[in-house]
Amino acid sequence: MLLNKSDLPLVAMDFMNEVHYEDVDIINTLFELVLTYEQEPTEENYLAINEQYETWYAHTVDHFQGEEIKMQEMNFPPYPMHKGEHDKGLHRMNEVYQEWKKSKNILGLKIYLIEELSPWLVHHIQTMDTITASFFNTGAMSCGTH
Ligand SMILES: [Fe+2]
Ligand SMILES: [Fe+2]
């Protein structure tokens with residue numbers, strides 16, 4: 001297992017926590033498939049990774065859009081900053097995927113998931129999503145000094 005649900009900070013909006021838990025399940029399944037391919041680099045195992053990666057990508061598009069729609073509805077002031085992180089994250093997911101499909105370099109994919117994606121996701125939830133959820137909840141920016 002790559003990520004534990006208990007590694008994820010809970011934010012003040014249940015709909016966001018639920019999506020984050022789904023994300024963890026999808027990523028853990030993907031990681032298992034990566035480990036399987038590492039042991040047995042068959043065409044079948046290669047295709048299984050690709051199918052799961054595409055499921056994950058589609059889920060992430062929805063995950064990010066769900067937050068973005070609500071930020072826009074509520075006129076969240078730092079919307080462009082949060083949206084910018086989403087766009088960068090998606091761009092990187094796609095870049096890694098294209099690279100993997102071309103090279104079949106399983107180590108590159110494994111290192112991305114362990115060293116880049118996991119810390120990115122936890123950090124994103126700890127910062128952007130936490131501030132955003134608390135704004136959704138109270139209608140105000142929490143800056144800690146008031
Ligand atoms: Fe999120
Ligand atoms: Fe987010």
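If you're wondering where the values come from, they're calculated on a predicted model, not measured in any experiment. Each ligand, and each atom within it, is numbered from 1 in the order the structure gives.
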Undergrad: Quick one: report the N, O or S atom of His82 that is nearest to the Fe ion (ligand 2).
TA: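 Output for this pair reads NE2.
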Undergrad: Can you list the residues that meet the ring-ring contact (aromatic ring centres under 6.0 Å, His included) rule with His124, with sequence neighbours excluded?
TA: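 His124 satisfies ring-ring contact (aromatic ring centres under 6.0 Å, His included) with His82, His86, Trp120 once adjacent residues are dropped.
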Undergrad: Looking at Glu44, I want to see if its CD is surrounded by more than 12 non-hydrogen atoms of other residues, nucleotides or ligands under 6.0 Å.
TA: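 No, not enclosed.
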Undergrad: What protein N/O/S atoms are there under 2.8 Å from the Fe ion (ligand 1), waters excluded?
TA: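 Sorted hits: His20 NE2, His63 NE2, Glu67 OE2, Asp129 OD2.
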Undergrad: Name all residues meeting the side chain to side chain donor-acceptor pair (under 3.5 Å) criterion together with Lys104; count only those two or more places apart in sequence or in a different chain, and write none if there are none.
TA: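 Testing Lys104 for side chain to side chain donor-acceptor pair (under 3.5 Å), a comparison that skips the adjacent residues, returns Glu43.
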Undergrad: Can you tell me if Asn28 and Glu32 form a side-chain donor-acceptor pair at under 3.5 Å?
TA: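 Looking only at side-chain atoms, Glu32 and Asn28 do not form any donor-acceptor pair under 3.5 Å.
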Undergrad: Residues two or more places apart in sequence or in another chain: which of them pass salt bridge (Lys or Arg N to Asp or Glu O under 4.0 Å) with Glu95?
TA: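 So Glu95 forms a salt bridge (Lys or Arg N to Asp or Glu O under 4.0 Å) with Arg92.
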Undergrad: Is the Trp100 to Tyr97 ring centre distance short of 6.0 Å?
TA: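 No; Tyr97 has its ring centre 6.0 Å or more from that of Trp100.
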